[in-house]
Engineer: 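One structure, as structure tokens, below. Some questions next.
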Amino acid sequence: MTDVVLTLPSVEPEEVLRTGWDEDSLVLGIETSCDETSAAVIRGGRHILSNVIASQNDLHGEYGGIVPEIAARAHVEALTPAIAEALVGADATLWDLDAVGATLGPGLAGSLVIGVAEGKALAAALGIPFAGVNHLEAHLYSALLADPEARWPGVALIISGGHTLLVHARADGDYDLLGGTLDDAAGEAFDKVARFLGLDYPGGPEIDRLSLLGDPEAIRFPRAMLHVPGFDVSYSGLKTAVVNHVRRVEAAGDEIVVEDVAASFQRAVVDVQVAKTMAAAEHIGAPRVFLCGGVAANSGLREGLGAACAERAIDFHVPPPELCTDNAAMVGACATAMLRRGLRTPLDAAPDPNLPLGSRL
Ligand code: KG4
Ligand code: ZN
């Protein structure tokens with residue numbers, strides 16, 4: 001990131017509480033729920049003017065997973081420069097902003113509080129509305145950001161390091177939970193299997209990369225829940241199956257073909273997620289399917305779900321990989337949709353590490 005300094009303008013009373021919304025409304029999005037510090041400026045809810053992402057992968061890599069204390073400290077250092085760079089990238093000043101949105105939850109408590117505190121402070125100082133955004137809802141909006149034609153309703157698979165959810169997105173802010181993981185999130189399974197295989201953190205992209213070099217039919221890993229009615233999934237058994245396979249092969253004195261293990265593991269996840277997502281889409285009679293969250297960057301899942309939708313003439317929307325993983329553009333888009341509906345988050349609202357999305361049917 002470039003070295004830019006954020007200077008706060010003094011407050012002009014007549015500027016306070018500008019609440020009109022039009023196609024040119026500018027919203028600053030802030031994302032600090034996990035291990036990416038991100039700030040973005042969004043125009044009219046759909047146009048990304050800037051989207052600065054400071055990843056902490058290097059900091060957590062040596063521990064093989066996210067260390068919450070390190071994540072929180074890194075957010076403190078990176079957030080203000082990220083906001084300043086996002087404003088410069090959007091050719092905007094703080095005075096041009098119509099609102100600020102920051103991720104309120106779910107996520108790591110110590111990380112969330114950094115973005116929420118800075119977002120509220122800016123909104124208060126500038127006299128503009130603040131929107132506390134649900135991180136999972138923001139992932140849904142990444143699918144809308146990527147495609148001007150995309151709109152609700154539809155079935156959405158939100159698949160990330162912390163969550164794996166199938167959602168019926170009926171309208172802005174109106175979501176029914178259809179199913180989810182009973183244990184590990186899919187991204188968590190990718191990361192744990194990668195770590196076991198000695199791959200770099202985060203493991204999802206590494207498994208994806210190796211999968212392209214391996215045979216997905218080489219090892220028949222279990223597809224838990226595939227034939228169980230409903231839309232829930234489970235990944236802890238799959239993870240154990242990978243561990244058992246590797247130990248068995250090693251005990252026999254044979255060599256592990258990491259590419260085949262990666263490809264076969266990924267195929268098992270894709271098979272289950274495609275089957276459950278299509279079953280949900282058919283159950284709802286959904287005209288379109290959305291794929292979002294960090295694991296939506298996975299090449300096998302994008303291809304598999306895209307092909308299954310094409311077979312059934314269901315529209316398929318998936319953001320480009322850089323909008324799948326955590327970013328503030330999706331937070332700004334979601335905040336804009338909330339503010340357009342008249343929602344404002346009071347400045348005394350606290351971050352909620354367990355903030356739920358919608359209700360279970
Ligand atoms: O949405 P995200 O950035 O953070 C959460 O909200 O959890 O998702 C991060 C997760 C990690 O588990 C990471 O390994 C996974 O997304 N991921 C991938 C790929 N890119 C990121 N998993 C599989 N294939 C990928 N290409
Ligand atoms: Zn996320």
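Count residues from 1 along the sequence. In each ligand, atom 1 is the first atom listed, and ligand 1 is the first ligand listed. In this text the structure is predicted, and so the values were computed from the model without any measurement.
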Engineer: Please name the residue in the list Asp184, Asp191, Asp183 that meets the salt bridge (Lys or Arg N to Asp or Glu O under 4.0 Å) test with Lys239.
Structural biologist: Asp184

Engineer: Distance under 4.0 Å to a non-hydrogen atom of His135: what atoms of ligand 1 satisfy this?
Structural biologist: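 Checking each atom against His135, I get 6 (O).
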
Engineer: Decide whether Asp174 and His168 meet the rule of one side-chain donor and one side-chain acceptor closer than 3.5 Å.
Structural biologist: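 Result is no, nothing qualifies.
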
Engineer: Does a side chain donor of either His47 or Glu23 reach within less than 3.5 Å of an acceptor in the other side chain?
Structural biologist: no

Engineer: Could you list which atoms of ligand 1 come closer than 4.0 Å to a heavy atom of Thr325?
Structural biologist: 3 (O), 21 (C)

Engineer: Can you tell me the protein heavy atom closest to atom 11 (C) of ligand 1 and the distance?
Structural biologist: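 Protein heavy atom at minimum distance: Asp191 OD2, 3.5 Å.
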
Engineer: Could you tell me whether Gly293 and ligand 1 have an N or O pair separated by under 3.5 Å?
Structural biologist: no

Engineer: So which protein N/O/S atoms does the Zn ion (ligand 2) have within less than 2.8 Å?
Structural biologist: His135 NE2, His139 NE2, Asp326 OD1

Engineer: Is the closest N or O pair between Gly187 and ligand 1 shorter than 3.5 Å?
Structural biologist: yes

Engineer: Taking Glu255 for its side chain and Val257 for its backbone only, find out whether a donor-acceptor pair lies under 3.5 Å.
Structural biologist: no

Engineer: Under 4.0 Å, heavy-atom basis, I'd like to know which part of His163 is in contact with ligand 1: side chain, backbone, both or neither.
Structural biologist: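 It is neither; nothing of His163 touches ligand 1.
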
Engineer: Would you say the side-chain atoms of Glu118 and Thr80 include a donor-acceptor pair closer than 3.5 Å?
Structural biologist: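 Looking only at side-chain atoms, Thr80 and Glu118 do form a donor-acceptor pair, the distance falling under 3.5 Å.
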
Engineer: Sequence neighbours left out, cut at 3.5 Å: what donor-acceptor pairs do the side chains of residues 195-207 make with other protein atoms?
Structural biologist:
unit_1	atom_1	unit_2	atom_2	d
Tyr201	OH	Asp35	OD2	3.2
Glu206	OE1	Arg209	NH2	2.9

Engineer: Measuring from the heavy atoms of Arg209, does anything fall under 4.0 Å of ligand 1?
Structural biologist: no

Engineer: Suppose we measure from atom 24 (N) of ligand 1 to each protein heavy atom; which comes out shortest, and what is that distance?
Structural biologist: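 In this structure, atom 24 (N) of ligand 1 has Asn298 ND2, 3.0 Å as its nearest protein heavy atom.
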
Engineer: Please indicate whether Arg341 has more than 12 foreign heavy atoms, meaning atoms of other residues, nucleotides or ligands, lying under 6.0 Å from its CZ.
Structural biologist: yes

Engineer: Just to check, does Cys34 reach to within less than 4.0 Å of ligand 1 when the distance is taken from its heavy atoms?
Structural biologist: no

Engineer: Stepwise, does the side-chain contact (heavy atoms from CB on, under 4.5 Å) test hold for Leu305 with Gln273?
Structural biologist: CA-CA 8 Å; Leu305 201 52; Gln273 286 302 164; over 6 Å; no

Engineer: In the protein, what heavy atom is nearest to atom 26 (N) of ligand 1, and what distance, to one decimal place, separates them?
Structural biologist: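 Looking at atom 26 (N) of ligand 1, the protein heavy atom closest to it is Asp208 OD2, 2.9 Å.
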
Engineer: When you measure from atom 10 (C) of ligand 1 to every protein heavy atom, which one gives the shortest distance, and what is it?
Structural biologist: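 It is Gly161 N, 3.4 Å.
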
Engineer: Are Glu77 and Arg73 ion-paired here, with the side-chain N under 4.0 Å from a carboxylate O?
Structural biologist: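 Between Arg73 and Glu77 there is no salt bridge, as every charged N stays at least 4.0 Å from the carboxylate O atoms.
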
Engineer: Would you say the side-chain atoms of Asp208 pair up with the backbone N or O of Ser299, donor to acceptor, closer than 3.5 Å?
Structural biologist: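 Such a contact is found between Asp208 side chain and Ser299 backbone.
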
Engineer: May I ask you to list the atoms of ligand 1 that are less than 4.0 angstrom from any heavy atom of Gly162?
Structural biologist: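 Matching atoms, with element in brackets: 7 (O).
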
Engineer: Which of the listed options, Gly204, Gly294, Gly300, holds the heavy atom that is closest to atom 21 (C) of ligand 1?
Structural biologist: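 Among Gly204, Gly294, Gly300, the closest heavy atom to atom 21 (C) of ligand 1 comes from Gly294.
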
Engineer: Are Glu188 and Tyr235 close enough, and set up right, to give a side chain to side chain donor-acceptor pair (under 3.5 Å), and what steps lead you there?
Structural biologist: CA-CA 9 Å; Glu188 193 181 346; Tyr235 287 117; over 6 Å; no

Engineer: Specify whether Phe290 and His317 have parallel, tilted or perpendicular ring planes, treating 30° as the upper limit for parallel and 60° as the lower limit for perpendicular.
Structural biologist: parallel

Engineer: Got a donor-acceptor contact below 3.5 angstrom from the His75 side chain to the Cys34 backbone?
Structural biologist: yes

Engineer: Does only the side chain of Asp326 get under 4.0 Å from ligand 1, or the backbone, or both, or neither? Count heavy atoms.
Structural biologist: both

Engineer: Measuring from non-hydrogen atoms of His139 to any atom of ligand 1, is the shortest distance under 4.0 Å?
Structural biologist: yes

